[in-house]
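Below is one structure; the comments refer to it alone.
Values below: all heavy atoms of this structure, side chains included; hydrogens, waters and symmetry mates excluded.
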2 protein chains.
Amino acid sequence: MKYSKELLKGSTSLLVLSVLKGGDLYGYKIIRELERRSQNEFQMSEGTLYPILHALEKEKLLESYWQEFEGRNRKYYHITKKGLKELAEKKEEFEAFSASVNKVLNYV
Amino acid sequence: MKYSKELLKGSTSLLVLSVLKGGDLYGYKIIRELERRSQNEFQMSEGTLYPILHALEKEKLLESYWQEFEGRNRKYYHITKKGLKELAEKKEEFEAFSASVNKVLNYV
DNA sequence: GTATATACATTGTATCACAAGGTATAGTAC
DNA sequence: GTACTATACCTTGTGATACAATGTATATAC
């Protein structure tokens, strides 16, 4: 990631779920999409993403299926109903957290 | 912390520096102040705070001095010029980070 | 006498992002 | 023909760090 990696902690799965809300994607493309949607601010490494995808699938927040395209095998991920619920919760949590930090930062 | 602790990572020293910008305080009181300013959202544990204070002092972002009050010894921390600079940078970083997350979350 | 609040501190654990490494295909440049 | 880049998957080991747990000590309230 471009940012101090510690800042990111706890937000990565939120970002991944958020990207997948827009439609099924495979790992490599998720990284590219995150880059695009954040205007190059988030450059997630593969060593970060793949373990997250596996963990989210294990938790049934994502489902995967293989698909071939021009000689390449891609593993697509699809967000489940449970995943959408989790996304909404995590989003809310992030917003509350962010608001609280701002409260402290801008305290007068 | 009240929040998923992972979300906090990377923000704790920002919060501490921010509280100390308002005036010198000792460890125990910093925790209380953080609570107050965040309206009870941030409940930093002592095991989190004290190592941070020591680290920040080592980095010369904080200076400390002992003061006695009603039989109790308190170690006051004072933010240095370097600390103020670091605070401004970290604040900006947090705001940019937060804006980027929101970009991804609210992408259409 | 014991519980609570105040005040400092350290140790060990769990989590997690990521660098580094590995495999493989396809296209392009030299 | 070979080197590089992009695409695509993956795992292992390391470092950072929040915090629970633990320890010390004083003062006050019940």
Residues 23-33 of chain A vs side-chain hydrogen bond (donor to acceptor under 3.5 Å, both in side chains), sequence neighbours excluded, gives A:Asp24-A:Tyr65, A:Asp24-A:His78, A:Tyr26-A:Arg74, A:Tyr28-A:Arg32, A:Arg32-A:Glu35, A:Glu33-A:Arg36, A:Glu33-A:Arg37

What integer distance in Å separates B:Arg32:CZ from C:dT4:C1'? 12 Å

Distance (rounded to the nearest 0.5 Å) between B:Ser11 OG and B:Lys90 NZ: 8.5 Å

Both B:Pro51 and B:Phe69 contact DNA chain C. Which one's nearest nucleotide lies toward the 5' end? B:Phe69

Taking only the side-chain heavy atoms of B:Ile52 (C-beta and beyond), determine which of C:dT6, C:dA17, D:dA18 contains the nearest atom. D:dA18

Side chain of A:Ser45: nearest nucleotide among C:dC18, D:dC10, D:dT26? C:dC18

Shortest side-chain distance from B:Arg72, nucleotide among D:dT26, C:dC18, D:dA6: D:dT26

Rounding to an integer number of Å, can you tell me how far B:Glu68 CD sits from C:dA7 P? 12 Å

What's the CG-C1' distance between B:Leu14 and D:dT17, to the nearest Å? 16 Å

Between A:Leu25 (CG) and D:dC9 (C1'), how many Å, whole number? 16 Å

Whole-Å gap separating P (C:dA24) and OH (A:Tyr26): 21 Å

Any side-chain donor near an acceptor of the partner, A:Ser64 and A:Glu57, under 3.5 Å: yes

Looking at CG of B:Leu105 and CD of A:Glu95, how far apart are the two atoms once the value is rounded to the nearest 0.5 Å? 6.5 Å

Atom pair distance, as rounded to whole Å: CG in A:Asn73 and C1' in D:dC10: 14 Å

Between the base of D:dC9 and the side chain of A:Glu46, is there a donor and acceptor pair under 3.5 angstrom? yes

Between D:dC10 (P) and A:Ile30 (CD1): distance, integer Å: 10 Å

Could you pick out which residue, B:Lys75 or B:Tyr28, lies toward the 5' side of DNA chain C when each is mapped onto its nearest nucleotide? B:Tyr28

Send over the distance from B:Tyr76 OH to C:dA7 C1', rounded to a whole Å. 11 Å

So if I take every side-chain heavy atom of A:Thr48 and compare against C:dC18, C:dC8, C:dT10, which nucleotide ends up nearest? C:dC18

What heavy-atom pair brings B:Val104 and A:Ser38 nearest, and what distance separates the two atoms? CG2-CB, 3.8 Å

Can you identify which nucleotide, out of C:dC8, D:dT11, D:dA18, has its nearest atom closest to the A:His54 side chain? D:dT11

Does C:dA9 have OP1 or OP2 under 4.0 Å away from a side-chain N or O of B:Tyr50? no

Determine the contact category for A:Arg74: base if any of its heavy atoms lies under 4.0 Å from a base atom, sugar-phosphate if only primed atoms, P, OP1 or OP2 are that close, otherwise nothing. sugar-phosphate

